[in-house]
Amino acid sequence: RPVEIAQIIEVKTNPGMTTTVNLPDGSVVHLNSESKLSYPSFFDKDKRRVTLQGEAFFEVQKDPEHGFVISTPHETKIEVLGTSFNVEAFEKDDFVSTTLIEGKVRFDYMKNRQSTAVLMKPGQKLTYDSSSSRIQLIETNGESEIAWKDGKVVFHATPLPEALRMLEKRYNVEFIIKNDRLKGDSFTGTFTNQRLERILEYFQLSSQIRWRYLDSPDIKDEKSKIEIY
């Protein structure tokens, strides 16, 4: 019989859109805005390997004999046995983060040109800074990190820069913070179907920030720019 060769399938999401991907082993991947997932049409007998650029929530089918490996930017990868977790790994960002909801995860990264691993527990969020090779681990219930897959934006004492990054992905805009003092502000709240302008009005009421749309000199610019000042 001829040897069957797996085809590489690539799924991309448009700005402001999300999608769900069913993998050959029954695992489910929820893909966030402007993200890309590559995976084979069938997994071989070794490990189940996929590649992610962007953000996704994984619900991995348990299979102790075949580990599940996600390759992410900045020479990082995540290996799991059967679990649900969120990964944010955009190539344009210096950081990679993963939030473990249940199961086991091993985060692999390079430090001083040597492969280093961190074992995570449920309820932890790991953030890796590729510019300094530093790891930060914090406790979280994961609600804020995975709300996007249900069409929600959830803030839990979320610092302004992180809150704006969440809104950028959801509403396909780009924020420019002109007042560094505002970066220390944090916000708590849940938004489902509200317009972006309404959410920014809440920010304005609670934190005295001001905002305005900027005219782009480039007519081909697909993203609206919003200045926070």
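The analysis underlying the following values was restricted to heavy atoms, covering all of them including side chains, and did not include hydrogens, waters or symmetry mates.
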Q: Between D44 and K47 (salt bridge meaning N to carboxylate O under 4.0 Å), is one present in this structure?
A: no

Q: Would you mind reporting whether I199 and Y171 have side-chain heavy atoms less than 4.5 Å apart?
A: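 Yes, at least one pair of side-chain atoms sits under 4.5 Å.
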
Q: Distance check, rounded to the nearest 0.5 Å: N86 atom CG versus L100 atom CG?
A: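 Separation between the atoms: 11.0 Å.
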
Q: Around atom CD of E10, are there more than 12 heavy atoms of other residues, nucleotides or ligands at under 6.0 Å?
A: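 Yes, because the 6.0 Å sphere around CD of E10 holds more than 12 heavy atoms from other groups.
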
Q: Do L23 and V29 have side-chain heavy atoms sitting under 4.5 Å apart?
A: yes

Q: Between NE2 of H156 and OG1 of T158, what distance do you get to the nearest 0.5 Å?
A: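 Reported value, rounded in 0.5 Å steps: 7.5 Å.
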
Q: With a 4.0 Å cut-off on N to O distance, would you call E174 and K223 a salt bridge?
A: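 Salt bridge flag = no for K223 with E174.
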
Q: Is there a donor-acceptor pair under 3.5 Å between the side chain of S35 and the backbone N or O of S33?
A: yes

Q: Determine whether L167 and L196 satisfy the following criterion, side-chain contact (heavy atoms from CB on, under 4.5 Å), listing intermediate values before the conclusion.
A: CA-CA 8 Å; L167 294 175; L196 175 60; 4.2 Å; yes

Q: Would you mind reporting whether K183 and L160 have side-chain heavy atoms less than 4.5 Å apart?
A: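 No, side chains not in contact.
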
Q: Within 45 degrees of the axis of the six-membered ring of Y229 and under 6.0 Å from its centre: does R212 put its NZ or CZ there?
A: yes

Q: More than 12 foreign heavy atoms under 6.0 Å from CD of E75: is that the case here?
A: no

Q: Tell me if a side-chain donor or acceptor on S144 pairs with a main-chain N or O of V154 at a distance below 3.5 Å.
A: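 Yes, because the side chain of S144 sits within donor-acceptor range (under 3.5 Å) of the backbone of V154.
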
Q: CE/M166 to CZ/R170 distance, rounded to the nearest 0.5 angstrom?
A: 10.0 Å

Q: How close do E197 and W211 get, heavy atom to heavy atom, and via which atoms?
A: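 Nearest heavy atoms, E197 then W211: CG-CH2, 3.7 Å.
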
Q: Heavy-atom count around M110 CE within 6.0 Å, excluding the residue itself: above 12?
A: yes

Q: Starting from the C-alpha separation in whole Å, work towards a yes-or-no answer on side-chain contact (heavy atoms from CB on, under 4.5 Å) for F95 and E88.
A: CA-CA 8 Å; F95 72 91; E88 185 176 357; 3.8 Å; yes

Q: Centroid separation under 6.0 Å, is that true for the rings of F58 and F85?
A: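 Yes, the ring centres sit under 6.0 Å apart.
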
Q: Start with the C-alpha distance between M120 and K104, add both sets of side-chain angles, then the distance that settles side-chain contact (heavy atoms from CB on, under 4.5 Å), and finish with yes or no.
A: CA-CA 6 Å; M120 293 180 63; K104 293 180 182 177; over 6 Å; no

Q: Are any of the side-chain nitrogens in R48 or D25 under 4.0 Å away from the carboxylate oxygens of its partner?
A: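 A salt bridge is present here (some side-chain N lies under 4.0 Å from a carboxylate O).
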
Q: List the steps and the verdict of side chain to side chain donor-acceptor pair (under 3.5 Å) for T140 and E145.
A: CA-CA 9 Å; T140 177; E145 288 82 5; 3.2 Å; yes

Q: Taking the side chain from Q194 and the backbone from T192, do they hold a donor-acceptor pair closer than 3.5 Å?
A: yes

Q: Any donor and acceptor pair, going by atom type alone, linking the side chain of S41 with main-chain N or O of Q7 inside 3.5 Å?
A: yes

Q: Please answer: with hydrophobic residues joined when any side-chain heavy atoms are less than 4.5 Å apart, are V28 and Y39 in the same cluster?
A: no

Q: With rounding to the nearest 0.5 angstrom, report the NE2 to NZ distance, H66 to K45.
A: 9.0 Å

Q: Could you tell me whether E55 and K169 make a salt bridge, using a distance below 4.0 angstrom between a side-chain N and a carboxylate O?
A: yes

Q: Is M17 linked to L52 within one hydrophobic cluster, defined over Ile, Leu, Val, Met, Phe, Trp and Tyr using a side-chain heavy-atom separation of less than 4.5 Å?
A: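 In one cluster: no.
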
Q: Are I138 and V105 linked, directly or through intermediate hydrophobic residues, by side-chain heavy-atom contacts shorter than 4.5 Å (ILVMFWY only)?
A: no

Q: Step through the shown structure and confirm whether more than 12 heavy atoms of other residues, nucleotides or ligands are within 6.0 Å of NZ on K152.
A: no

Q: Apply the test side chain to side chain donor-acceptor pair (under 3.5 Å) to residues N32 and T18: give CA-CA distance (whole Å), side-chain angles for both, the deciding distance (0.1 Å), then the verdict.
A: CA-CA 5 Å; N32 204 354; T18 63; 5.9 Å; no

Q: Are any of the side-chain heavy atoms of Y128 and V118 separated by less than 4.5 Å?
A: no

Q: Is V11 linked to F90 within one hydrophobic cluster, defined over Ile, Leu, Val, Met, Phe, Trp and Tyr using a side-chain heavy-atom separation of less than 4.5 Å?
A: no

Q: Taking 4.0 angstrom as the limit, do R165 and E168 come out as a salt bridge?
A: no

Q: For the pair F203 and F187, evaluate ring pair (Phe, Tyr, Trp, His ring centres under 6.0 Å) and give the outcome as yes or no after the intermediate values.
A: CA-CA 8 Å; F203 279 22; F187 301 89; 4.1 Å; yes

Q: Determine, step by step, whether L126 and I135 satisfy the side-chain contact (heavy atoms from CB on, under 4.5 Å) criterion, reporting the C-alpha distance in whole Å, the side-chain angles of both residues, the deciding distance to 0.1 Å, and the verdict.
A: CA-CA 7 Å; L126 178 150; I135 291 281; 3.8 Å; yes

Q: How long is the gap from CZ on F175 to NZ on K225, to the nearest 0.5 Å?
A: 12.5 Å

Q: So how far is it from I9 CD1 to L37 CG, rounded to the nearest 0.5 Å?
A: 10.0 Å

Q: Cut-off 3.5 Å, side chains only: do S131 and D94 have a donor facing an acceptor?
A: no

Q: Is it the case that over 12 heavy atoms from other parts of the model lie below 6.0 angstrom from the CD1 atom of I5?
A: no

Q: Do other residues, nucleotides or ligands put more than 12 heavy atoms under 6.0 Å from the CG atom of D46?
A: yes

Q: Heavy-atom distance under 4.5 Å between the side chains of F68 and I78, does that happen here?
A: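 A side-chain contact is absent here, since even the closest heavy-atom pair is not under 4.5 Å.
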
Q: Does a side-chain heavy-atom distance below 4.5 Å link F57 with L31?
A: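 Side chain of F57 against side chain of L31, heavy atoms only: no contact under 4.5 Å found.
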
Q: Before accepting this row, confirm whether a basic side-chain N of the pair D108/R106 lies closer than 4.0 Å to the acidic partner's carboxylate O.
A: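 Answer for the salt bridge query: yes.
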
Q: Check the pair E59 / H30 against side chain to side chain donor-acceptor pair (under 3.5 Å), numbers first and verdict last.
A: CA-CA 8 Å; E59 296 172 271; H30 305 272; 2.8 Å; yes

Q: When you compare the side chain of I146 with that of I101, does any pair of heavy atoms fall below 4.5 Å?
A: yes

Q: Do Y109 and S130 come within less than 4.5 Å of each other through their side chains, counting heavy atoms only?
A: no

Q: Minimum heavy-atom separation for A89 to V96, with atom names?
A: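 So the minimum-distance heavy-atom pair works out to CB-CG1, 3.9 Å.
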
Q: Does NZ belonging to K77 count more than 12 external heavy atoms closer than 6.0 Å?
A: no

Q: Check for a donor-acceptor pair, side chain of N112 on one end and backbone N or O of Q114 on the other, with a separation under 3.5 Å.
A: no

Q: Under a 4.5 Å side-chain heavy-atom rule over Ile, Leu, Val, Met, Phe, Trp and Tyr, are L200 and L182 clustered together?
A: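 In one cluster: yes.
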
Q: Can any side-chain N or O of T76 pair as donor or acceptor with the backbone N or O of P73 at less than 3.5 Å?
A: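 Yes; at least one donor-acceptor contact below 3.5 Å.
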
Q: Backbone N or O of E143 within a donor-acceptor pair of the N141 side chain at under 3.5 Å?
A: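 Yes; judged by distance alone, with no hydrogens or angles, the pair exists.
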
